[in-house]
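One structure is given below, encoded as structure tokens.
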Amino acid sequence: MANKPSIPKGTRDFVPEQSSKRQFIFDTARSVFQSFGYQPIETPAMENLETLLGKYGDEGDRLIFKILNNGDYLSKVDDEKLRQKDSNALVKELSDRALRYDLTVPFARFVVQNQNELSFPFKRYQIQPVWRADRPQKGRYREFYQCDVDVIGSDSLLNETELLCIIDQVFSKLGLDDISIRINNRKILSGIAEASGLSAYFQQMTVAIDKLDKIGVDGVKEEMIRNGLPEAGVKKALNLINLTGDAEGVLNMLAGAMTGVEEAFRGIDEVRTVLKSLPESTREKVKIDLTLARGLNYYTGAIIEVGHSEFPSSICGGGRYDDLTGMFGLSDMSGIGISLGADRIYDLMEAKNLFPSNLDAGTQVMFVNFGQAEALKSFELASEVRASTMSAEVYPDSAKMKKQMKYANDKGISFVCMIGAEELASGTVAVKSMGTGEQENISMDALSNFLKEKLK
RNA sequence: GUGGUUGUAGCUCAGUUGGUUAGAGCGCCUGAUUGUGGUUCAGGAGGUCGUGGGUUCGAGACCCAUCUUCCACCCCA
């Protein structure tokens, strides 16, 4: 055998069964998004490198897949730079384009570029793959799908409410009722930083406290101090974050500890308003979690993350961003969005056996091929069957009966129709149920109605 | 990017301290049944042991490199 073909690390093929299941997730998300008035858009797999660089932090820049320039790309590079072998400095010389890292930044670019054709608030959803040069591990791929829903051009908190409802509905429809939806607000975090004298270290503070459930209070404290944050401030911040109790209780305690910190009060108000506006059934699933921070630093208000006790990482995340379009030259465009991690949801649903069994709705009726004349007649009847809204196919080759029957069996086809010389002469068709093994002859005229009745 | 782990037939895996011709189950193909799948029975095909070097009289087993898998860190869907 020649060298076995393979695919790049962290990417996957999907066989029909897996693909059907993935489609089920996409379709479910899509139907919910559309029912709330969101419209689909698509953007290219690649963006100009410049569009993406610097939007996700240094760590993010490292994880962006860069596309090598075409043509004689080395001839234009400065000799001195080449000799120094500084990869980072050379990237911009060698690569002008990159694969998209998420859907949010390309969306911001899209909004700025198409602002005159869009009416605001603009509600869009987008289901496309993104690429990250991360090391693969559990729930982590180099190519994966995000299902993004965003509304931009409105700072109403009703959007927060709506997105939480969307999350609730999508996961309910998928059979994942036992998710935990955690919310927080960057204004609260910013207030905590201010009250603790850590404003200058806001980014490091959020990255650290985001790990609280993983490495514990002591771990977070250690990390913050290691990163040079003043110990007194760290202690104060951790005390504030560690408040526990029901939502109202936590918010009240927090408000009490935050006198004079305007920013925090705005955040607390926002959280209160959102919680109050949620339908009861959704509110039950939403918990306020002051340790939720989220690494992406473009978030400015509400932040949302969805997790499941049987999965190590989040399956959905998002938040409000006040100025994402600003970096592309359009300011005053507040937006909020969430992103569902389709691949992680898939893995979780597979582990919990949540996919409906009838998903692979392939062919319902197959016609055995006995030869040219017979196959032509079968082809005709198959069209009739299809016209009666059933799926039908004619086996393309006049292969051995056994092979054709095995094909029908393997493919889970419910009924096999046989039109051989005898049937052709008598105007009948032998219909065999693959489930029961029963077989009966019926007239060709009655076939569609017969099958329709049986397949009900 | 850092640390660890994995790779033997299409799939899941055996393979003793290095020692003849590398095995099993499932799947696949053929036949019993040339117009009947799924069940049963009888046969059969399929592997340069991830790849490239090295140690050795001898390597699927040992060493090095590389790719891949999975896991943790970083970061994240």
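Bear in mind that the values here come from a model prediction, so they are computed numbers and not experimental data.
- For the pair Arg344(A) and Pro8(A), both in contact range of RNA chain B, the more 5′-proximal nearest nucleotide belongs to Pro8(A).
- The aromatic ring of Phe370(A) does not sit over the base of G35(B), since the test of centres under 5.5 Å and planes under 30° is not met.
- A donor-acceptor contact under 3.5 angstrom links the side-chain atoms of Asn409(A) to the base of G37(B).
- Taking 3.5 Å as the limit, the base of G37(B) and the side chain of Lys432(A) contain a donor-acceptor pair of atoms between them.
- Between the side chain of Arg140(A) and the base of C71(B) there is no donor-acceptor pair of N/O atoms closer than 3.5 Å.
- In this structure, the NZ atom of Lys138(A) is 14 Å from the C1' atom of U69(B), given to the nearest Å.
- Panel note: side chain Arg132(A), backbone Tyr141(A); no donor-acceptor pair is recorded below 3.5 Å.
- Distance Lys403(A) NZ to G31(B) C1': 16 Å, rounded to the nearest Å.
- Judged by the 6.0 Å distance and 45° axis criteria, Arg320(A) is not positioned over the aromatic ring of Tyr299(A).
- As a whole-Å value, the separation of Lys211(A) NZ from C74(B) P is 4 Å.
- Rounded to whole Å, the separation between the P atoms of C71(B) and U12(B) comes to 15 Å.
- For Tyr407(A) and C28(B), the OH to P distance is 15 Å, given to the nearest whole Å.
- Here A77(B) is the nucleotide among C28(B), A77(B), U36(B) with the atom lying nearest to any side-chain atom of Tyr141(A).
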